[in-house]
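Let me begin by presenting the structure, written as structure tokens, before commenting on it.
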4 protein chains.
Amino acid sequence: MPTPPPSDRSGRGRPRNPQTHEAILGAARDLLRSQGYARFSIERVAADAGVSKASIYRRWPTKGALLLDLYMAGLPSDAIAADAPSLRDELHRYLLATIRRVNDEGWREILRSLVAEAQYDEGTARLMQDKVIRPRREAGLRLLHSAQRRKEIAADGDLELILDMLFGPLWYRLLFDHAPIDEDFASRLLELVLHALKSPRRAKG
Amino acid sequence: MPTPPPSDRSGRGRPRNPQTHEAILGAARDLLRSQGYARFSIERVAADAGVSKASIYRRWPTKGALLLDLYMAGLPSDAIAADAPSLRDELHRYLLATIRRVNDEGWREILRSLVAEAQYDEGTARLMQDKVIRPRREAGLRLLHSAQRRKEIAADGDLELILDMLFGPLWYRLLFDHAPIDEDFASRLLELVLHALKSPRRAKG
Amino acid sequence: MPTPPPSDRSGRGRPRNPQTHEAILGAARDLLRSQGYARFSIERVAADAGVSKASIYRRWPTKGALLLDLYMAGLPSDAIAADAPSLRDELHRYLLATIRRVNDEGWREILRSLVAEAQYDEGTARLMQDKVIRPRREAGLRLLHSAQRRKEIAADGDLELILDMLFGPLWYRLLFDHAPIDEDFASRLLELVLHALKSPRRAKG
Amino acid sequence: MPTPPPSDRSGRGRPRNPQTHEAILGAARDLLRSQGYARFSIERVAADAGVSKASIYRRWPTKGALLLDLYMAGLPSDAIAADAPSLRDELHRYLLATIRRVNDEGWREILRSLVAEAQYDEGTARLMQDKVIRPRREAGLRLLHSAQRRKEIAADGDLELILDMLFGPLWYRLLFDHAPIDEDFASRLLELVLHALKSPRRAKG
DNA sequence: TAATAAGCGAGACGGTACGTCATGTCTTACA
DNA sequence: TGTAAGACATGACGTACCGTCTCGCTTATTA
């Protein structure tokens with residue numbers, strides 16, 4: 001359930017047309033996929049969806065918020081599961097799912113757009129933080145903690161850094177496109193992450 | 001002197017005013033630092049520099065090219081040195097220099113802006129690739145190779161992935177700001193990278 | 001010379017295209033004539049003239065200012081001449097000219113639009129005062145004064161009121177359309193005005 | 001009782017709430033007085049009255065109709081009385097009453113708004129004609145006729161023009177604000193009108 | 001006493017226009 | 001002949017109203 005059309009006061013007034021909602025998201029998604037972020041504008045989305053601009057602004061205050069809902073709507077339930085029995089298997093599953101999604105041009109464009117938008121809209125940056133970055137990290141952290149409890153990994157690992165090491169390279173390749181994000185990359189990255197979990201933790205400072 | 005004011009045909013016509021060049025770069029830098037990428041526009045830069053827009057377009061074909069020159073102008077010679085005697089020392093030195101720069105608000109804004117711009121301008125993406133991403137990776141690669149030759153590290157490491165692991169987390173923290181990029185982060189990241197170099201390389205696929 | 005295209009700083013930069021100027025005025029005039037004030041918008045004028053909105057706003061700050069230039073451009077030199085030899089003849093000539101113009105649908109629409117616009121834009125109200133109302137009254141006043149000097153009329157007439165009596169009924173019929181503004185009306189109005197000039201001036205208060 | 005809330009089909013359905021009616025008129029009046037015609041919108045009136053837009057449109061088909069009701073509601077019984085014993089006294093009374101009303105900012109704004117609205121809404125123009133312009137003229141005409149019957153004035157005066165001369169200057173000063181509408185103006189205008197009634201009627205054409 | 005018919009506030013909806021801003025190109029005068 | 005100012009077409013921005021339309025109620029009248 002990604003984004004329930006949020007009406008402030010309960011059943012007052014004419015209810016929002018869910019088709020309008022879908023038409024906007026659909027048009028936005030198509031536009032992004034076909035033309036890229038450069039040609040993505042509220043104006044075009046409204047025209048393509050056969051909807052007034054006001055109907056978009058009524059639902060999403062900024063372009064970033066709309067992009068984020070595109071992201072949320074496309075998110076299946078393949079987030080990292082904290083209670084998975086095996087750390088390796090769960091991370092592997094997660095990486096494969098991520099790779100599949102990230103190699104879809106539409107999805108890739110959504111992520112790139114969100115990053116771009118977050119660089120100049122403070123609100124989008126916050127949203128991105130709250131809805132994309134932090135949730136993934138928290139799920140990852142829970143998974144690592146449960147692996148620690150199971151003694152699958154050492155208790156003293158630098159987990160925050162491990163997460164940077166897991167997600168950082170993904171974003172890095174996604175944004176700069178210097179190398180493919182494929183299964184081979186996933187496997188090697190996984191091994192490195194797991195190996196890193198065996199690294200002795202250095203004293204702080 | 002990263003970018004010499006390039007005049008196409010040599011001594012023909014009115015010579016470019018080097019002050020104009022500097023005024024533009026200066027105004028761009030100030031604007032970026034004070035207002036951020038959101039308020040950064042060729043229009044504003046021209047106005048602030050007291051220069052016509054055409055004078056900017058004559059020198060830089062796109063906003064991204066201008067941003068990139070801002071980046072180049074600010075780049076001292078602290079790139080990774082391929083011939084450094086110690087891998088650890090050289091990487092440490094590089095990371096500390098990077099951290100210092102990246103914590104300057106102006107510089108940070110330049111990098112964020114470049115990333116944003118690269119997401120919708122194909123040309124900027126290429127420039128970014130050629131002038132920022134690849135050079136750093138190549139220098140890193142040369143350093144790693146020389147360390148291999150010195151047997152400081154194993155000969156069969158997955159060096160590309162090592163570089164993702166070195167640069168990825170830096171960009172990740174820079175763009176999403178979920179955690180500081182400080183000396184502690186640098187040290188820990190360095191240890192992880194060095195530790196990873198000891199990881200046995202998995203068979204491909 | 002109704003409205004010289006005003007450029008602030010002298011000959012710097014690309015000069016304004018006089019054809020653009022004319023295209024805007026032409027499109028505005030046509031639109032007003034064909035669709036009336038109700039459908040008159042800067043948006044439409046720009047589209048019809050094949051010109052950008054900015055090019056209109058560069059020249060005229062408000063819709064009212066544009067309308068006023070339409071008025072000015074259409075104004076021939078048939079204003080009241082202060083030095084005419086005969087009051088009756090000059091007023092008659094002026095009234096006939098006015099009638100002719102006012103019975104042109106385009107011109108009528110310009111005047112109605114100006115009145116409407118002046119009711120909600122303070123600036124247009126002032127412009128209208130300065131460029132339409134006052135000049136006509138001042139010319140009328142000068143004519144009446146010169147008639148007084150010639151002893152064509154009494155020296156103690158209530159000239160301001162005479163002017164209200166001359167112009168008031170014209171606007172009244174123009175705006176509310178309850179009766180035609182034709183030559184008969186002009187002649188009768190003229191007689192009444194001239195007759196009124198013979199009225200003994202009442203003591204004030 | 002100027003405008004009885006008109007329900008089409010007799011007593012079917014829930015009767016209209018008279019408080020809603022009053023709230024709308026009140027809010028409209030206040031808004032007009034405080035912000036002027038420029039900021040007068042159905043949207044604002046509805047919001048200020050705490051009423052839905054539909055409730056306004058149910059009662060008044062256009063903005064002009066609402067404005068006209070504001071006018072009607074404010075109209076006391078000081079219209080010109082056809083059967084007054086003295087033309088001069090009745091006109092004087094009428095002018096003084098008019099002056100008083102017209103110098104009230106709220107009332108002035110209603111009249112200006114009606115004029116503006118009538119310039120682009122055909123329906124409002126007709127309403128204005130039927131409810132404002134013609135009634136006043138007809139009452140004036142009846143008064144003049146009865147004065148003729150009493151031989152107070154000549155039988156062959158150009159009465160239509162006399163009415164233009166009476167009302168025209170009032171609207172003219174009201175709309176363009178070039179001079180005050182005060183008691184002095186009223187007295188002088190009255191004298192001129194009465195004087196004009198003694199003017200020999202010119203042959204037509 | 002139930003059905004029916006309107007009234008009502010809230011608010012969604014497709015439109016249209018507003019006035020501003022930025023883009024990248026162009027035209028002219030000036031050096 | 002190149003530089004510089006600024007006009008230009010294009011097109012997006014976010015806001016405000018327009019008049020219409022649901023929606024879930026409430027309030028009368030009529031059957």
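Below, chains carry the letters A, B, ... as their sequence lines are ordered, and counting in each starts from 1.
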Checklist line | Residue pair D/His21 / D/Arg16, side-chain donor-acceptor N/O under 3.5 Å | finding: no
Margin query: I'd like to know if A/Arg59 reaches the base of E/dA12 with its side chain such that a donor and an acceptor end up less than 3.5 angstrom apart.
Written below: no
Margin query: Taking salt bridge (Lys or Arg N to Asp or Glu O under 4.0 Å) as the definition, give me every residue that meets it alongside D/Arg39, ordered by chain and number, with sequence neighbours left out.
Written below: none
Margin query: B/Leu127: which residues meet the side chain to side chain contact (heavy atoms under 4.5 Å, CB included) condition with it, sequence neighbours left out?
Written below: B/Ala65, B/Leu68, B/Lys131
Check: Rounding to a whole Å, what distance do you find between D/Tyr57:OH and E/dG7:P?
Finding: 17 Å
Check: Excluding sequence neighbours, so at least two apart, what forms salt bridge (Lys or Arg N to Asp or Glu O under 4.0 Å) with A/Glu122?
Finding: A/Arg126
Margin query: Could you work out, with salt bridge (Lys or Arg N to Asp or Glu O under 4.0 Å) as the rule, every residue matching A/Glu105, not counting sequence neighbours?
Written below: none
Item checked: Partners meeting ring-ring contact (aromatic ring centres under 6.0 Å, His included) with B/Phe40 (sequence neighbours left out) -> none
Item checked: Short side-chain N/O contact to E/dA12 OP1/OP2 from A/Thr20, under 4.0 Å -> no
Notebook entry, point to check: Rounded to the nearest Å, what distance is computed from the CZ atom of residue C/Arg58 to the P atom of nucleotide E/dT27?
Noted result: 15 Å
Notebook entry, point to check: Taking only residues two or more places apart in sequence or in another chain, which ones pass salt bridge (Lys or Arg N to Asp or Glu O under 4.0 Å) with A/Asp30?
Noted result: none
Check: Which pairs with one or both residues in residues 43-52 of chain A pass salt bridge (charged side-chain N to carboxylate O under 4.0 Å, His left out), sequence neighbours excluded?
Finding: A/Glu43-A/Lys53, A/Arg44-A/Asp48
Note to self: Using heavy-atom distances to pick each residue's nearest nucleotide on DNA chain E, tell me which of C/Thr62 and D/Asn17 is more 5'.
What the structure shows: D/Asn17
Item checked: Length of the line joining C/Glu22:CD and F/dC8:P, which is rounded to integer Å -> 13 Å
Checklist line | Euclidean distance, atom CH2 of residue C/Trp60 to atom C1' of E/dG19 [Å, nearest integer] | finding: 16 Å
Note to self: So if I take residues 35-56 of chain C and measure heavy-atom distances to DNA chain E, which residues fall below 4.0 Å?
What the structure shows: C/Ser41, C/Ile42, C/Glu43, C/Lys53
Item checked: Protein-nucleotide distance (C/Gln19, atom CD; F/dC8, atom P), rounded to Å -> 11 Å
Next item on the list: Please state how far atom NE2 in C/His21 lies from atom P in F/dA7, giving the value in whole angstrom units.
Entry: 13 Å
Next item on the list: Return the value, rounded to whole Å, for the distance between atom OH of C/Tyr120 and atom P of F/dA16.
Entry: 17 Å
Next item on the list: Starting at CG of C/Leu31, measure out to CD of C/Glu109 and round the result to the nearest 0.5 Å.
Entry: 10.0 Å
Check: Is any side-chain nitrogen or oxygen of C/Lys63 closer than 4.0 Å to OP1 or OP2 of E/dC18?
Finding: yes
Polar atom pairs (N or O), protein with nucleotides 25-29 of chain F, under 3.5 Å:
unit_1	atom_1	unit_2	atom_2	d
F/dT26	O2	D/Arg14	NH1	2.8

